[in-house]
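Throughout, protein chains are lettered first and strands after them, A, B, ... in sequence-line order, and every chain is numbered starting at 1.
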Number of protein chains: 2
Amino acid sequence: MNAEIIAVGSELLLGQITNTNARFLSGQLALIGINVYFHTVVGDNAGRLKQALEIAERRSDLVVITGGLGPTKDDLTKETIAAHLGVGLETDKVAMESIELFFKRTNRVMSENNRKQALILEGSQVLPNDHGMAPGMVLKKGEKLYMLLPGPPSEMEPMFLSYGAQALTSRQSSQEQIVSRVLRFFGIGEAMLENEIEDLIDSQSNPTIAPLASEGEVTLRLTAKHSILESAIELLDETEKEILGRVGDYFYGYDDTSLMNELAKKLKETGLTLACAESLTGGMFQQEFTSIPGAGSSLKGGVVCYTNEVKASVLHVKKETIENEGVVSAKCAAELAENAAQLMKADIGISFTGVAGPDELEGKPVGTVYIGISQIGKPAHVEKLNLGGGRKANRIRTVKYGCHFLLKQLNEGKEA
Amino acid sequence: MNAEIIAVGSELLLGQITNTNARFLSGQLALIGINVYFHTVVGDNAGRLKQALEIAERRSDLVVITGGLGPTKDDLTKETIAAHLGVGLETDKVAMESIELFFKRTNRVMSENNRKQALILEGSQVLPNDHGMAPGMVLKKGEKLYMLLPGPPSEMEPMFLSYGAQALTSRQSSQEQIVSRVLRFFGIGEAMLENEIEDLIDSQSNPTIAPLASEGEVTLRLTAKHSILESAIELLDETEKEILGRVGDYFYGYDDTSLMNELAKKLKETGLTLACAESLTGGMFQQEFTSIPGAGSSLKGGVVCYTNEVKASVLHVKKETIENEGVVSAKCAAELAENAAQLMKADIGISFTGVAGPDELEGKPVGTVYIGISQIGKPAHVEKLNLGGGRKANRIRTVKYGCHFLLKQLNEGKEA
């Protein structure tokens with residue numbers, strides 16, 4: 001099955017937002033063996049949307065349309081498709097009930113416009129919206145399959161994962177199995193990693209190996225095809241083994257995981273609790289940690305100690321340390337980690353102090369970062385980084401390095 | 001002049017990267033008065049690229065193509081366009097010299113593949129690449145204008161800004177000035193806001209008014225055209241005045257600002273300092289606040305009090321409060337805000353406690369949130385929210401509401 005993704009929205013053509021939906025859906029469709037050959041973006045204009053639909057139908061079996069399902073006048077996806085395909089619109093009871101419930105729950109007044117969102121294409125399968133009002137839908141018309149999804153990623157992504165993927169796989173007749181696996185690495189550059197496995201990349205065509213670098217991490221996407229699922233998976237396994245034999249030291253996980261996710265899993269596994277002291281990261285480590293559902297139970301809490309005053313008064317960093325070594329120092333990082341663990345009565349304390357930028361601090365250059373890790377009651381181990389990015393990149397990488405060091409320590413501790 | 005942007009690259013169709021080039025170019029083209037009506041993404045496949053070119057030529061005056069100018073086998077943009085338009089490829093001397101220089105400078109060995117990058121379409125205007133090897137080019141063929149740009153944003157963006165925009169404006173006959181302004185609103189839904197200004201949206205064509213909702217905010221983009229710049233700005237001013245006369249209570253800023261940004265500005269202006277107690281937001285408020293360069297000086301620090309234990313031991317929430325009212329309560333929010341200000345010796349304490357989801361807490365449903373704001377030494381004012389989203393959306397909106405309430409209080413305090 002070949003697919004095309006049409007995103008509807010003038011804001012995309014004005015450069016106000018990026019079409020992240022096309023990326024998300026492309027990745028998801030690849031996972032279930034659907035090839036995406038085209039993306040199209042078209043504005044909130046019925047004539048041009050109809051044009052785009054006609055072109056898509058000529059070249060694709062599945063047309064996925066995102067956006068334009070909202071309550072306002074410029075949301076015209078449903079009406080345009082209905083007219084184009086010659087099908088009517090009908091109010092879906094379940095959708096209407098869920099919209100009414102949403103307004104009741106949030107104590108807001110429902111307008112007539114909102115009722116429009118419960119209209120669906122006649123004969124379509126409804127995809128419930130658990131995070132907003134506009135339902136999605138799937139309609140088979142002739143040889144072609146149409147899937148309509150809401151535009152906001154916060155609604156579209158969970159809808160596709162919970163209902164959309166299933167609606168597609170149940171309609172697929174294809175024999176060829178395509179399986180894909182992403183290997184994630186941290187602590188090694190893209191060029192260096194590619195050097196190590198150059199011969200594999202050059203010689204392999206099944207699976208294919210596609211490297212990608214982003215924000216200090218490198219990933220390899222392996223994609224194998226075979227008529228038998230098990231054999232496709234075996235192909236992936238063999239290539240993965242070969243790759244990890246060479247650069248396994250830097251490998252940390254598969255697919256959509258993250259360093260933070262792996263850390264949360266490891267902490268849960270060991271039952272250990274964490275306390276944080278964040279200076280340059282300003283809460284970023286804890287924010288990311290707690291964004292993982294269920295991870296919170298491993299986090300006692302933490303202090304964002306942006307000022308020297310709070311480092312001293314709340315986290316009891318010694319006056320001499322601040323005066324003699326500065327807050328950007330191994331000693332300060334150690335005391336922060338040790339005292340955070342004490343204050344929160346956690347098994348492990350982790351601290352981040354350094355110079356995010358744009359200005360230097362205490363005469364230390366931008367990118368100087370100290371990360372302290374302490375088991376409660378024990379002196380902290382401190383790692384120093386010299387990062388070369390801007391403020392934002394430095395903060396993001398500091399958090400990743402924090403996960404990386406702590407994970408390493410937990411993994412080694414287990415082996416010992 | 002109407003434009004279409006074609007991005008070439010299979011990595012886009014596999015979901016490995018997002019098409020940020022289309023967003024950047026759309027914004028830039030809008031600034032010089034060129035309407036973008038379509039984006040297309042196509043893989044590294046000559047046949048499908050040719051197809052996309054044929055479609056683009058039928059509906060657009062200007063076709064901007066990004067990607068596929070690299071040195072490798074799957075970079076086939078130039079060859080495909082040359083064959084399609086029936087023009088030859090010739091080696092550009094300047095491009096070749098700059099490539100040779102690049103290799104000399106970086107001490108690398110130049111391969112035959114790299115010479116391919118100096119090939120340009122016969123008769124085209126070369127756009128120098130100051131950040132990489134592949135030159136861009138502009139070619140007029142018949143009625144149509146073609147612009148080829150490299151795929152990596154780090155090369156494409158500076159090339160367009162330094163040479164591409166100029167190459168286009170010099171070929172434009174129209175002198176029409178286009179100005180655009182975004183008005184940002186919080187605390188009002190998209191449907192409700194549109195209801196209030198429906199007549200304006202319906203009757204206005206210059207400026208146009210385009211609403212957009214995202215993550216709990218609504219924006220209106222006003223775009224005016226006029227031969228005289230000042231008159232275009234005047235048209236924007238008049239419409240803005242009319243809009244703010246109706247929904248000004250919810251307005252908070254222009255263009256690319258954010259609630260957090262406005263809050264940071266206001267705190268800096270007043271010289272007041274802030275302390276935070278974050279439960280369900282897990283550090284998100286402080287992380288966002290400190291991501292704004294220079295904002296940190298208004299933040300004393302804060303506590304991420306994920307556990308009841310830390311709420312009690314570090315932030316001294318009373319045992320009776322936790323036992324009788326629970327941590328998801330107005331009373332707990334008040335104590336957290338008051339005690340955070342005390343602990344950090346800040347002028348203002350702000351607290352966030354509630355149920356982000358996915359599970360309910362203390363019998364209180366997902367989305368129940370309390371935000372406390374206290375001036376040091378004074379009882380806190382507490383706001384209650386009933387949010388209707390998932391875990392991630394609830395956390396993001398809680399942070400936005402925190403900014404909104406605090407900004408409101410600071411603005412009112414000033415007026416009083």
Side-chain angles (χ1 to χ4, degrees), chain A residues 10-16 18-20 22-24 26-27 30 36-43 48 55 70-72 102 105-108 111 113-114 131 152 154 158 210 212 221 282-284 286-287 290-291 293 296 299-307 309-310 314 343-344 358 391-392, chain B residues 12-20 22-24 26-27 30 36-43 48 55 189-192 194-195 201 210-212 214-215 221 282-284 286-287 290-291 293 296 299-307 309-310 314 343-344 358 386-393:
Chain A
S10 299
E11 64 276 18
L12 290 158
L13 297 178
L14 286 164
Q16 289 184 279
T18 310
N19 188 9
T20 57
R23 178 189 179 170
F24 173 84
S26 295
V36 177
Y37 282 158
F38 294 96
H39 296 169
T40 299
V41 176
V42 60
R48 285 192 286 272
I55 291 168
T72 70
F102 178 86
R105 201 171 62 217
T106 57
N107 257 328
R108 290 200 277 168
S111 78
N113 278 345
N114 294 117
H131 298 86
S154 60
L212 183 69
R221 177 180 284 263
M284 189 185 275
Q286 295 171 86
Q287 186 269 313
T290 56
S291 73
L299 178 71
K300 289 273 186 151
V303 176
V304 176
C305 46
Y306 221 66
T307 50
E309 190 188 329
V310 168
V314 181
L343 178 71
M344 307 272 170
R391 180 180 173 81
K392 191 177 161 193
Chain B
L12 290 157
L13 297 178
L14 285 165
Q16 289 184 278
I17 59 170
T18 310
N19 188 8
T20 58
R23 179 189 181 171
F24 173 82
S26 295
V36 177
Y37 282 157
F38 293 96
H39 296 169
T40 298
V41 176
V42 60
R48 285 192 286 273
I55 291 167
E190 185 185 18
M192 189 68 81
E194 229 180 289
N195 255 355
I201 294 180
L212 179 70
S214 110
E215 291 185 336
R221 176 179 283 261
M284 188 184 276
Q286 294 171 86
Q287 186 269 316
T290 56
S291 74
L299 177 71
K300 289 271 189 156
V303 176
V304 176
C305 47
Y306 222 65
T307 49
E309 190 189 329
V310 168
V314 181
L343 178 71
M344 308 271 170
N386 299 298
L387 301 174
R391 180 180 173 80
K392 190 177 159 191

Next on the checklist: For B:L387, which atoms come within 4.5 Å of any heavy atom of chain A: side chain, backbone, both, or neither?
Outcome noted: backbone
Checklist entry - B:G43, B:A393, B:G283, B:G189: which one forms the most heavy-atom pairs within less than 4.5 Å of chain A? => result B:G283
Item to check | Segment of A:I55 engaging chain B (4.5 angstrom heavy-atom cut-off) | outcome: side chain
Checklist entry - What is the minimum heavy-atom distance between B:K300 and A:T307, and which atoms define it? => result O-OG1, 2.8 Å
Checklist entry - If you tally heavy-atom pairs under 4.5 Å against chain B, which of A:S154, A:G27, A:G282 wins? => result A:G282
Checklist outcome for this item: Most heavy-atom pairs under 4.5 Å with chain A, out of B:G389, B:C305, B:P293, belong to B:P293
Checklist outcome for this item: Most heavy-atom pairs under 4.5 Å with chain A, out of B:G301, B:A210, B:A30, B:G302, belong to B:G302
Checklist entry - What part of B:I17 lies closer than 4.5 angstrom to a heavy atom of chain A: side chain, backbone, both or neither? => result both
Next on the checklist: Could you measure the distance from the OG atom of B:S26 to the CD atom of A:E11? Nearest 0.5 Å is fine.
Outcome noted: 11.5 Å
Next on the checklist: Checking A:Q16 now: which residues fulfil side-chain hydrogen bond (donor to acceptor under 3.5 Å, both in side chains) with it, not counting sequence neighbours?
Outcome noted: B:R221
Next on the checklist: Applying side-chain hydrogen bond (donor to acceptor under 3.5 Å, both in side chains), can you list everything that pairs with A:S111, at least two apart in sequence or on another chain?
Outcome noted: A:N114
Checklist entry - Closest heavy-atom contact between B:F38 and A:T40? => result CD2-CG2, 4.4 Å
Checklist entry - Of the backbone (N, CA, C, O) and the side chain (C-beta and beyond), which part of B:V42 lies under 4.5 Å from a heavy atom of chain A, both, or neither? => result both
Checklist entry - Which answer fits A:S10, side chain, backbone, both or neither, if we ask what part of it has an atom under 4.5 Å from a heavy atom of chain B? => result neither
Item to check | Any side-chain heavy-atom pair of B:V314 and A:M344 under 4.5 Å | outcome: yes
Item to check | Distance in Å, A:M284 CE paired with B:M284 CE, rounded so as to fall on 0.5 Å steps | outcome: 11.0 Å
Checklist entry - If you tally heavy-atom pairs under 4.5 Å against chain A, which of B:K392, B:M192, B:E309 wins? => result B:E309
Checklist entry - When rounded to the nearest 0.5 angstrom, what distance separates NE2 in A:H131 from CZ in B:R391? => result 11.5 Å
Checklist entry - At a heavy-atom separation under 4.5 Å, does B:Q286 approach chain A through its side chain, its backbone, both, or neither? => result both
Checklist entry - Out of A:P152, A:P71, A:G296, which one racks up the most heavy-atom pairs below 4.5 Å with chain B? => result A:G296
Item to check | Heavy-atom contact with chain B under 4.5 Å, split by part of A:V303 | outcome: both
Next on the checklist: Could you measure the distance from the CG atom of A:N19 to the NE2 atom of B:H39? Nearest 0.5 Å is fine.
Outcome noted: 8.5 Å
